Amino acid sequence: MIPGAERAVLRLARPYLSRLLGAGLLAAATEFAGLALMATATWLLMSAAGRPPLDRLTVAIVAVRALAVSRGVLRYTERLAGHDAVLRMITDVRARVFATLAARRDAGRRTGDALSRLVSDVEAAQDLLLRVLVPGAAAAVVSVLAVGVAALISPPAAGVLAIGLLVAGVALPALATRLTRRAADEVAPLRGALAVDAVDLTHGAADLAAFGATGAALAAAENRGARLAKLERRLAATGFAVDATGVLVGGLTAAAVVAVALRAGVGGVLVGVLAVGSLAAVEVALALVAAARQRAQLRTGLARVADLLAEPAATAPPTSAPEPAIDGHDVRFADVTVRYRTGAAPALADFDLDLPAGRRVAVVGPSGAGKSTLAAVLTGAVRPDTGRVTVGGVPVAGIPDEHLPRVVGGLLAEAYVFHATVKENLLLGRPDATEADLVAATRAAGLLDWVREQPDGWDTVVGEQGGQLSGGQRQRLALARALLAAPPVLVLDEPTEGLDPSAADAVLDSTLAATPAGHSVLLISHRLSGLAGLDEIVVLDGGRVVQRGRHDELVARPGWYREQWLRQQTAERGYLAVTP
Amino acid sequence: MNRRPFDPRLLRRVPAARRDLAVLAALGGLTALLVIAQATALATLLATAFDGRLHRPALAGLVAAVAGRALVSWAQGTVAARAAATVKAALRADLLRAVGRHGPTWVAGQRAGQLATLAGRGLDALDPYFTGYLPQLVLSVTVPVAVLARIVFADWSSALIIALTIPLIPIFGALLGWQAQAATERQWRRLSLLGGHFLDMVAGLPTLRAFGRSRGQVDVVRRMADGHRQATMKTLRIAFLSALVLELVATLSVALVAVPVGIRLLGGGLTLSTALLVLLLTPEAYLPLRAAGSRFHASMEGLTALDEALTLSATDAPATTEPRRPTPGGRGEIRFEGVSVAYDRTTALRDVTLTIRPGDRIAVIGPSGAGKSTLLNLLLGFVAPTSGRVTVDGVDLAGVDLDAWRRELAWVPQRAHLFAGSLADNIRLGAPDTPDDVLAAAVADAALDEVVDALPDGLDTRLGERGHGLSSGQRQRVALARAFLRDAPIVLLDEPTARLDSASEAVVLDATRRLVAGRTALLVAHRPALLADADRILRVEDGRVTELHPTATGPGVAR
């Protein structure tokens with residue numbers, strides 16, 4: 001009955017069960033107050049028509065006034081209680097989702113779309129409770145109560161009412177669910193294609209114009225838009241038939257209740273109460289149609305959240321494994337092979353490297369040669385298919401997540417700059433850093449002058465995803481953070497990316513100078529400038545080591561390194577030569 | 001922000017929707033009549049049932065009225081959805097056509113993202129507005145008026161109570177609504193900051209993990225989310241207050257009407273059927289107003305999208321003069337005569353005078369943002385000179401048919417856009433009817449053949465949205481293949497190797513050399529490797545163009 005995805009979300013609601021139950025009861029009371037108001041008012045009028053003494057109507061008069069006031073007040077408290085419970089649960093969901101993602105070693109960076117989808121998926125859990133379960137449960141409770149009260153007056157009339165309520169509260173919602181799902185399945189591909197058209201026509205506007213293809217692309221998009229419009233019109237015709245049937249069921253139930261009750265000999269006043277009450281009850285039950293539609297729309301979002309919550313990491317407490325006996329920080333790669341997909345060419349093949357403490361090694365090579373894979377293997381983000389990587393004699397895979405960064409870390413590909421101050425971003429590297437540490441690290445990364453120029457200095461907010469910074473400043477900030485962390489094995493993946501050649505040389509020099517002696521460095525670079533001081537240079541191509549040695553040796557020998565080095569040198573000097 | 005419930009610009013801009021909206025209004029009137037018919041029939045039925053009799057005509061009337069309401073409600077939904085579909089399709093087409101009308105420089109940057117979102121999924125937010133809010137808006141006018149009119153005839157004192165209380169709903173709605181709005185806006189910055197925090201943390205997870213801080217941040221995320229909850233609850237306490245007052249007005253009015261009517265019934269001053277009619281109709285008068293109010297919130301997003309779409313697509317395009325001059329051939333001499341280009345905030349080019357002779361291979365260098373791309377955009381007709389003119393063979397480009405002139409040009413941008421479709425379609429962009437053998441030749445010329453061989457379906461491989469699945473180097477080779485197919489006398493290259501690593505750069509450079517051979521070429525070069533092939537070098541700095549005279553040994557191997 002309840003799909004697994006919903007159950008997974010509901011399990012998180014358990015601590016707030018009493019609050020939710022309270023909200024559901026309040027919602028039911030609200031709806032029931034509305035129904036009772038109309039029924040009591042009808043009883044009042046029809047009894048009054050019999051001209052009884054006024055005091056026999058006093059209770060009804062008071063009840064009508066009380067119900068009128070209580071409905072609004074009940075609604076207000078119900079909504080507050082429901083939202084409070086659900087928002088508490090969402091706090092848990094967010095924390096759990098984050099914990100799951102945090103525990104994944106392999107999770108790469110997400111695109112903006114995937115991120116905002118994650119946020120709206122979490123909100124789907126909120127809608128499931130507030131717009132589906134609470135109103136749905138209230139409608140069900142009121143329906144049962146209404147049938148019960150009707151049965152006290154006239155069992156046959158109660159039977160008719162029950163049928164009407166079953167149609168309105170069970171059959172129609174089931175139909176609405178099916179129609180909503182079908183409509184979504186039909187519309188989604190077309191809407192997706194149209195969204196792609198819109199992207200192509202806007203982001204590709206220049207290409208289209210330059211090649212005279214704007215007209216054709218526009219016509220194709222308009223054609224698709226017209227097809228979508230046609231489909232939407234057709235789907236609306238069937239979708240709204242459900243609502244129309246709901247209106248019909250309400251009126252017919254009331255009419256049938258009157259006819260049946262009269263035949264059963266129910267007194268006139270109570271016939272009126274039954275009729276008006278039935279009309280109101282069916283109206284309440286029809287809320288289940290809207291709830292069913294909402295639920296059908298939440299399906300995919302909830303499934304994604306449930307998948308995240310189902311991962312064991314979300315439930316496992318943070319590991320409190322004892323710190324492994326890491327002896328020193330010599331790094332050793334032995335026969336490491338990594339394949340991202342079975343059958344694909346290896347990203348790294350039979351790779352061997354010794355990085356004893358204090359050694360500085362550069363890994364160079366064309367793009368796609370396996371350089372970043374190497375960094376990912378060393379930092380534990382990627383597990384080797386065969387071979388082993390050890391740090392201080394302990395395999396990387398055996399070092400818990402919390403311990404590994406204290407030994408191996410640095411500037412990795414696509415370092416993220418948080419929407420926070422410069423200082424907060426830096427302190428991520430070492431929370432207990434002093435002002436002097438910050439100054440030293442930012443000076444080495446070439447960011448200190450910029451920080452000092454800012455009116456807010458260290459407290460300058462860098463904006464969403466570092467948006468207030470230029471690409472070069474963002475890179476320098478990430479580099480400074482890595483230097484501040486100063487792990488004994490420092491990995492630097494393209495530390496001077498996005499800097500112009502002269503700045504790149506200066507930053508690389510000061511970075512290497514700022515790394516304490518005794519700390520090892522694994523520098524990954526596509527630029528070959530400034531590598532002369534390193535202990536070893538490894539040239540990777542196609543995941544394999546093709547050359548290794550010191551800069552002087554490699555430049556003296558024919559091969560990729562020499563060729564590329566000459567090429568880069570000529571290129572940079574030639575460029576300078578024509579710059580007046 | 002536009003808070004009007006209905007934007008009159010809509011009727012002007014989408015005339016096709018007028019009829020549907022008129023039908024919607026008529027159906028609203030019909031609904032009002034049926035509401036009264038249903039209440040009248042039910043009141044009669046119950047009044048006779050009081051005596052234990054079944055009034056068959058009233059029963060039939062009730063069933064007929066209900067059937068009528070069902071039918072009308074179906075028609076209302078269907079027509080509203082039709083209007084939504086029509087308006088969305090029309091606005092989408094308008095928006096996308098605006099792109100074609102204004103040209104690529106108008107759409108560049110942030111506006112492209114806004115337009116793509118709006119024309120893509122953004123406009124779908126109009127669905128709840130049209131199918132949920134608009135029909136209720138109509139009903140909130142027709143039903144109270146009709147109900148009031150009917151009750152005036154039945155019992156004017158009850159009508160007075162309703163007439164006095166009904167305005168309270170929009171008045172309170174507006175007052176409390178604005179109050180809530182202001183409170184919401186005050187909270188908004190804080191809320192979005194907190195909501196954004198979760199996003200920021202998730203986006204930066206790999207970095208947190210790299211510093212061993214990911215687990216520790218779980219508590220921070222929980223704390224921030226809890227702060228979010230408290231802030232939200234503060235807002236909601238006020239926001240729900242408006243609903244409370246509206247609900248109270250509606251239910252108390254029922255009590256205000258029912259109790260006096262009951263007491264007058266006791267005195268015999270009223271018939272039972274009239275009293276029941278008043279009771280049944282009273283809540284109907286308040287219902288549509290409250291329903292419209294509660295649905296307004298859900299349709300806000302749609303109204304905002306509508307406002308954006310109407311505003312964006314209405315922006316005037318620069319007056320396009322009908323092409324009066326014959327299109328010059330691409331083998332004529334190109335002259336820039338005192339050309340300046342000013343954008344909103346910056347001046348891209350200042351007083352540039354320049355002659356490009358057929359067959360010239362010109363490299364354009366200079367710092368980024370200096371105006372290099374503007375030089376190419378002038379030739380492409382993407383921007384027009386603010387002053388001065390660009391002529392080809394003596395013909396001013398301002399007066400020619402741009403599509404025809406662009407046929408003389410092949411353009412390789414910094415980062416070519418790859419369209420959703422097959423690789424072959426992407427290469428054939430400018431020439432959809434290209435035969436396969438010509439296509440194959442262009443593929444080979446652009447050194448794309450090895451890429452094609454490695455793809456699962458070769459040239460038929462589908463490239464996803466924005467061409468995911470090809471590396472930057474491969475993407476540039478697609479752009480080169482497009483240019484080869486164009487086979488135009490003039491080629492414009494805008495830093496074709498800007499984002500490539502050395503290995504891809506070498507391949508693209510070789511292909512570029514083949515492309516440039518025998519053609520007039522303008523190469524914007526950031527990387528020095530491109531300079532070797534140029535026979536003239538222009539330096540653009542701060543909007544001014546100076547010609548450099550290469551050293552005797554040539555620029556690429558200087559020194």
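Protein chains get the first letters and strands the later ones, always in sequence-line order, with residue 1 at the start of each. It should be emphasised that the depicted structure is a prediction, and the values quoted were computed from it without experimental measurement.
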With a 4.5 angstrom heavy-atom cut-off, is it the side chain or the backbone of [X] that approaches chain A, or both, or neither?
{"X": "B:T207", "answer": "side chain"}
{"X": "B:P283", "answer": "side chain"}
{"X": "B:L62", "answer": "side chain"}
{"X": "B:T86", "answer": "both"}
{"X": "B:L59", "answer": "side chain"}
{"X": "B:Q38", "answer": "side chain"}
{"X": "B:L45", "answer": "side chain"}
{"X": "B:R69", "answer": "both"}
{"X": "B:V66", "answer": "both"}
{"X": "B:I263", "answer": "side chain"}

What part of [X] gets closer than 4.5 Å to chain B, counting heavy atoms only: side chain, backbone, both or neither?
{"X": "A:L57", "answer": "side chain"}
{"X": "A:L262", "answer": "side chain"}
{"X": "A:L228", "answer": "side chain"}
{"X": "A:L37", "answer": "side chain"}
{"X": "A:L412", "answer": "side chain"}

Any salt bridge linking [X] with [Y]? Criterion: basic side-chain nitrogen under 4.0 Å from a carboxylate oxygen.
{"X": "B:R406", "Y": "A:D207", "value": "no"}
{"X": "A:E232", "Y": "B:K88", "value": "yes"}
{"X": "A:D197", "Y": "B:R92", "value": "no"}

Among [options], which has the most heavy-atom pairs under 4.5 Å with chain B?
{"options": "A:V276, A:T40, A:D92", "result": "A:D92"}
{"options": "A:G246, A:G272, A:G225, A:G212", "result": "A:G272"}
{"options": "A:R65, A:R79, A:R224", "result": "A:R79"}
{"options": "A:A217, A:A216, A:A241, A:G409", "result": "A:A241"}
{"options": "A:I90, A:L208, A:L44", "result": "A:L208"}
{"options": "A:R88, A:R263, A:R430", "result": "A:R88"}

[X] versus [Y], closest heavy-atom pair with distance:
{"X": "A:A49", "Y": "B:L265", "result": "N-CD1, 4.2 Å"}
{"X": "B:R97", "Y": "A:L218", "result": "CG-CD2, 3.3 Å"}
{"X": "A:A210", "Y": "B:W411", "result": "CB-CE3, 3.5 Å"}

When heavy-atom pairs shorter than 4.5 Å are enumerated against chain A, which of [options] gives the highest number?
{"options": "B:D403, B:D51, B:L252", "answer": "B:L252"}
{"options": "B:D127, B:L266, B:D219", "answer": "B:L266"}
{"options": "B:Q230, B:R53, B:Q76, B:R237", "answer": "B:R237"}
{"options": "B:T117, B:L409, B:L256, B:D226", "answer": "B:D226"}
{"options": "B:V259, B:L248, B:V254, B:V99", "answer": "B:V259"}

**OP:** Could you check whether the rings of B:F240 and A:Y76 sit parallel, tilted or perpendicular, using 30° and 60° as the cut-offs?
**Re:**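 B:F240 and A:Y76: perpendicular rings.
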Original post:
Distance from A:L80 atom CG to B:M233 atom CE, nearest 0.5 Å?
Top reply: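 CE of B:M233 is found 5.0 Å from CG of A:L80.
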Original post:
Once you round to the nearest 0.5 Å, how far does OG1 of A:T202 lie from CG of B:L96?
Top reply: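 A:T202 OG1 to B:L96 CG: 7.5 Å, rounded to 0.5 Å.
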